[in-house]
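I have a structure here, written as structure tokens, and I will follow up with some questions on it.
The sequence lines fix the lettering, A, B, ..., with proteins before strands; numbering per chain opens at 1.
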2 protein chains.
Amino acid sequence: MQQTRKSRQRDAILNNLRARCDHPTAMELYLSVREEIPSLSLGTLYRNLKGLCDSGKIIRLSDGGEEHYDACTAPHWHIKCDCCGRFYDLPVSPEAVRAVPIPEYDGEIRDYSLIFFGVCAHCACAADEK
Amino acid sequence: MQQTRKSRQRDAILNNLRARCDHPTAMELYLSVREEIPSLSLGTLYRNLKGLCDSGKIIRLSDGGEEHYDACTAPHWHIKCDCCGRFYDLPVSPEAVRAVPIPEYDGEIRDYSLIFFGVCAHCACAADEK
DNA sequence: AACAATAACGATAATCGTTACTGTTATTAT
DNA sequence: ATAATAACAGTAACGATTATCGTTATTGTT
């Protein structure tokens, strides 16, 4: 098993991700953490992101292209802008979370991923200006 | 704009996908369609999959790794097995679909993707046998 | 039916996000 | 302090997807 020892790199990665409200890609996070630790290797970033996901400290957001990462593990959903590709938080009440019906299934359902798609306010404005 | 002319390759791809109940990856589909058209190029497959997605004739299922494709466009959800990685249909009633709460959002929500995760019946059985 | 325009093709190279490998460094228990 | 090894930096490899390019096939027009 891994990630038993502490490391400055992993702390910096997790702290950086926790301090931001966007949902950066690995590269965006890499460039940002490099401002603090210029020697950070991309392999180290990916290795730690994987470990942090496995241990449930961060969440991976998938939609075909690059992965995005989120350090907020409280229940909330996301919207991805069809236009700019960014992920945004979509705060939902606990009641809404509970309202998602868990289907009958001849197996075991453990979790789900719910991502909305649309146009963010920023991109909608940009379109109006044309 | 593209995909204005008909093509034997695209028809074969779409028909193949419609005839199956699994949710194949591009490579799985490629190998299958090649049995009908051995000269089919992988580039042609990807180009047509993209076009078919854009025109809404098929659906792309994303979860980090390879993409999976589904020719069923009627509303239904999916479960991905944590164990074998396969996607399965999860038929849901129209009422269940309507039960998903659309959050308030300062932009425009157009669609959503809901994927459940768990263990399929097949993998659960395999685990029991150990 | 022949022709011209070009969408679509097959083959293959390039791209790019991610993972694996290798020798070195840093953490931790003894 | 020492030894064991997790974790690192640097870099090569991987794999799914996309782009390029010369050729083929479809389609509207003579």
Exercise for the section: Ignoring backbone atoms, establish whether B/S39 has a side-chain N or O less than 4.0 Å from OP1 or OP2 of C/dG10. Expected result: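 So the side chain of B/S39 is within the cut-off, an N or O lying under 4.0 Å from OP1 or OP2 of C/dG10.
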Exercise for the section: Answer yes or no: side-chain N or O of B/S7 and base N or O of C/dA8 forming a donor-acceptor pair under 3.5 Å. Expected result: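 Result: no qualifying N/O pair found.
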Handout entry: Test side-chain contact (heavy atoms from CB on, under 4.5 Å) applied to B/K50 - qualifying residues, sequence neighbours left out
Key =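 B/K50: side-chain contact (heavy atoms from CB on, under 4.5 Å) contacts with B/D54.
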Exercise for the section: Supply the atom-to-atom distance A/I58 CD1 to A/R18 CZ, rounded to the nearest 0.5 angstrom. Expected result: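 Here the interatomic distance stands at 9.5 Å.
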Exercise for the section: Check DNA chain D against residues 15-24 of chain B and give the residues with a non-hydrogen atom under 4.0 Å, in numerical order. Expected result: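 Nucleic-acid contacts, sorted: none.
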Exercise for the section: Using only side-chain N and O atoms of A/R8, determine if any of them is under 4.0 Å from OP1 or OP2 of C/dA26. Expected result: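 No, because none of the side-chain N or O atoms of A/R8 sits under 4.0 Å from OP1 or OP2 of C/dA26.
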Problem - Residues that A/R60 engages under side-chain contact (heavy atoms from CB on, under 4.5 Å), provided they are two or more places apart - result: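 Partners of A/R60 under the side-chain contact (heavy atoms from CB on, under 4.5 Å) test: A/C53, A/S62, A/E67, A/Y69.
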Exercise for the section: Tell me which of B/R34 and A/G65 sits closer to the 5' end of DNA chain C, going by the nucleotide each one is nearest to. Expected result: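 Nearest nucleotide further toward 5': that of B/R34.
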Listing, residues 95-111 of chain A side-chain donor-acceptor contacts under 3.5 Å, not counting sequence neighbours, or none:
unit_1, atom_1, unit_2, atom_2, d
A/E108, OE2, A/R110, NE, 3.1

Handout entry: Main-chain N/O of A/A12 paired with A/N16 side-chain donor or acceptor, under 3.5 Å
Key =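 Not a single qualifying donor-acceptor pair exists.
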Problem - Sub-4.5 Å side-chain heavy-atom contact between B/M27 and B/L42 - result: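 When only atoms from C-beta onward are counted, B/L42 and B/M27 do touch, with a gap below 4.5 Å.
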Practice task
Kindly write out the residues that satisfy side-chain contact (heavy atoms from CB on, under 4.5 Å) with A/E28, not counting sequence neighbours, or none if the list is empty.
Solution key: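 Listed in chain order: A/P24, A/T25.
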Exercise for the section: Determine to 10° how strongly the helix from C/dA1-D/dT30 to C/dT30-D/dA1 is bent, judged from the axes of its five-pair ends. Expected result: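 Here the local axes at opposite ends form an angle of 40°.
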Handout entry: Short side-chain N/O contact from A/R5 to OP1 or OP2 of D/dT5, under 4.0 Å
Key =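 Result: no.
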Practice task
Compute whether any side-chain donor of one residue and acceptor of the other, for A/H78 and A/D70, lie under 3.5 angstrom apart.
Solution key: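 Judged by distance alone, the side chains do pair up.
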